[in-house]
Asks: 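Supplied in C-alpha cells, the structure appears directly below.
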Amino acid sequence: MFIIGELINGMYANIGSAIKERNKKEIQNCALTQIACGADALDINCGPASGQPQVDMPWLVEAIQEVTDKPLCLDSSKPAVIEEGLKASRNKTIINSTTADAEKLEALIPLAKKYESKLIGITISSKGIPQNKDQRLELAAAIVDNCLKACFPVEDLYLDPIVLPVNVAQAQMRDILESIAEFKIISEPGPKTTLGLSNVSQGTHLRSLINRTFLTMAVAYGLDSAILDPKDRELIDTLITAELILDKNIYCDSYLEAYRKK
Ligand code: THG
C-alpha cells in the first residue's frame, strides 16, 4: 500500500497557522513525523482559509523538500495552484487532483506529462458527486479515456471513488468499495486506486475504528494507495495485518516490526 500522509493540510489549526506565520519548522516536523510513521508520500493542501494558495503551495513545497525527498502530493482544486507547486518541486510529484470535467482534464493531464507527475483522478464532475457505482464507473472511464488519448501512462493514474462520511451516505459504502475493484479493470494495464480515508469518519465518534475497518475492507477490494493519518498506530498495524492476510506480506512472529521498518 502506498501511504500518503494527510496531515499537512491547512484545515488543521496548527498547519493553518504555520502557513500564515511562515513557520517552516512546524511543517517540517509534521513531514518528518509522518515519514517516521510509514508515509511514502505527503499530501500538501493549503486549506480553505489560505487567501493566497498560489504563494503558499510553493512555500510549503520548498519547506518540506529541505528535509525529505519523498514524493509530494499537490492537493488543490485549482490547476494554477498545482502548477506553482510543480514548478517548485525537485522530487517526484502527484497531482491531486483532476475531476472528470474536460476543462480540468485538459489543464492537468498536460501538466502531469510535462512534469512527469503521477495524477489522481476523482470521480466527480460538474454534476456533482455520483450517487451510485455506475455513475462512478462512467466518470472513471472518461478519465482513463482522456489519459489514453493524451498518451499519459495509465499506470501513473490513481482513480479515487470519493469516500463520503458513513453518517451521511451509509447506503453508498458498498458501491464505493466495489468501485475500487471495477476501476482497476477499465483498461489493460489498469489504473491504480486511492482514496481520502478520513472522509469516511468525518462527524462521527469512534473515528479511528471506522477508518481502520473501512481501510481493511478497501484493501480486500484491491486498494493500491490511501491518503490517511499515518500517526494512527492502530490504523497502520491493521493495514499491515490486512496485507498479511492477503498474502502481500510474509508472516513471522514479529511481522509488525518487520513491516514498519520496510
Ligand atoms: N480524495 C483526494 N484528496 C483528498 C481527499 C479525498 N484530499 C483532502 C481529503 N480528502 C483527505 N485529507 C483529509 C484530511 C483531514 C481530514 C479528512 C481528510 C479530517 N480532518 C479533521 C475533520 O475534518 O474532522 C480536521 C480536524 C481538525 O481540524 O483538527 O477529517 O477524498 N484525492
Side-chain angles (χ1 to χ4, degrees), residues 1-20 26-27 30-31 33-34 37 39-50 53 57 60 71-79 81-82 85 93-101 104-105 108 112 117-125 128-130 136 139-140 143 156-169 172-173 176-177 179-180 183 191-212 214-215 218 223-232 235:
M1 167 77 52
F2 187 75
I3 298 175
I4 305 172
E6 73 179 7
L7 297 175
I8 303 179
N9 189 317
M11 89 159 65
Y12 290 105
N14 66 322
I15 300 297
S17 46
I19 295 172
K20 228 197 226 150
E26 177 86 18
I27 303 292
C30 184
T33 305
Q34 293 185 84
C37 292
D40 299 301
L42 301 170
D43 193 67
I44 309 180
N45 186 316
C46 304
S50 166
M57 180 62 93
L60 282 166
L72 302 181
C73 181
L74 308 170
D75 188 351
S76 172
S77 58
K78 299 191 181 80
V81 173
I82 289 174
T93 49
I94 305 159
I95 292 175
N96 187 14
S97 52
T98 181
T99 63
D101 288 319
K104 281 286 185 74
L105 290 162
L108 291 164
S117 175
K118 295 186 192 302
L119 176 65
I120 297 176
I122 56 176
T123 52
I124 289 187
S125 72
I129 296 179
R136 284 191 160 80
L139 296 178
I143 296 170
D156 289 343
L157 173 69
Y158 285 79
L159 287 174
D160 178 342
I162 293 295
V163 174
L164 299 166
V166 68
N167 62 352
V168 298
Q172 284 207 53
M173 292 297 123
I176 293 169
L177 290 166
S179 292
I180 295 166
F183 290 177
K192 297 188 171 67
T193 50
T194 194
L195 47 75
L197 180 67
S198 300
N199 300 5
V200 75
S201 62
Q202 266 173 333
T204 68
H205 302 289
L206 303 174
R207 289 200 67 169
S208 175
L209 175 62
I210 293 172
N211 288 343
R212 64 181 180 268
F214 186 82
L215 183 62
L223 186 69
D224 299 290
S225 160
I227 303 165
L228 52 74
D229 176 3
K231 282 169 76 179
D232 182 342
L235 177 66

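Ligands are counted one by one from 1 in listed order, and the atoms in each one are counted from 1 as well.
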Asks: Decide yes or no for Leu157 and Lys192: does some side-chain heavy atom of the first lie under 4.5 Å from some side-chain heavy atom of the second?
Replies: no

Asks: Ser201 and Asn211: side-chain donor and acceptor closer than 3.5 Å?
Replies: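 A pair is found: one side chain offers a donor N or O, the other an acceptor, under 3.5 Å apart.
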
Asks: Not counting sequence neighbours, which residues clear salt bridge (Lys or Arg N to Asp or Glu O under 4.0 Å) with Asp232? List them please.
Replies: none

Asks: Which residues pass the salt bridge (Lys or Arg N to Asp or Glu O under 4.0 Å) test with Asp224, not counting sequence neighbours?
Replies: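 With neighbours one apart ignored, the set is Lys184.
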
Asks: Can you work out which protein residues put a heavy atom within less than 4.0 Å of ligand 1?
Replies: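 The 4.0 Å shell around ligand 1 contains Glu6, Met11, Tyr12, Asp75, Asn96, Ile120, Ile122, Asp160, Gly196, Ser198, Asn199, Gln202, Arg207, Ile227.
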
Asks: How would you list, by chain and number, every residue that makes a side-chain hydrogen bond (donor to acceptor under 3.5 Å, both in side chains) with Gln172, sequence neighbours excluded?
Replies: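 Per chain and number, Gln172 pairs via side-chain hydrogen bond (donor to acceptor under 3.5 Å, both in side chains) with Gln131, Arg136.
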
Asks: Are Lys118 and Ile95 close enough that some pair of their side-chain heavy atoms sits under 4.5 Å apart?
Replies: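 Answer no - side chains too far apart.
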
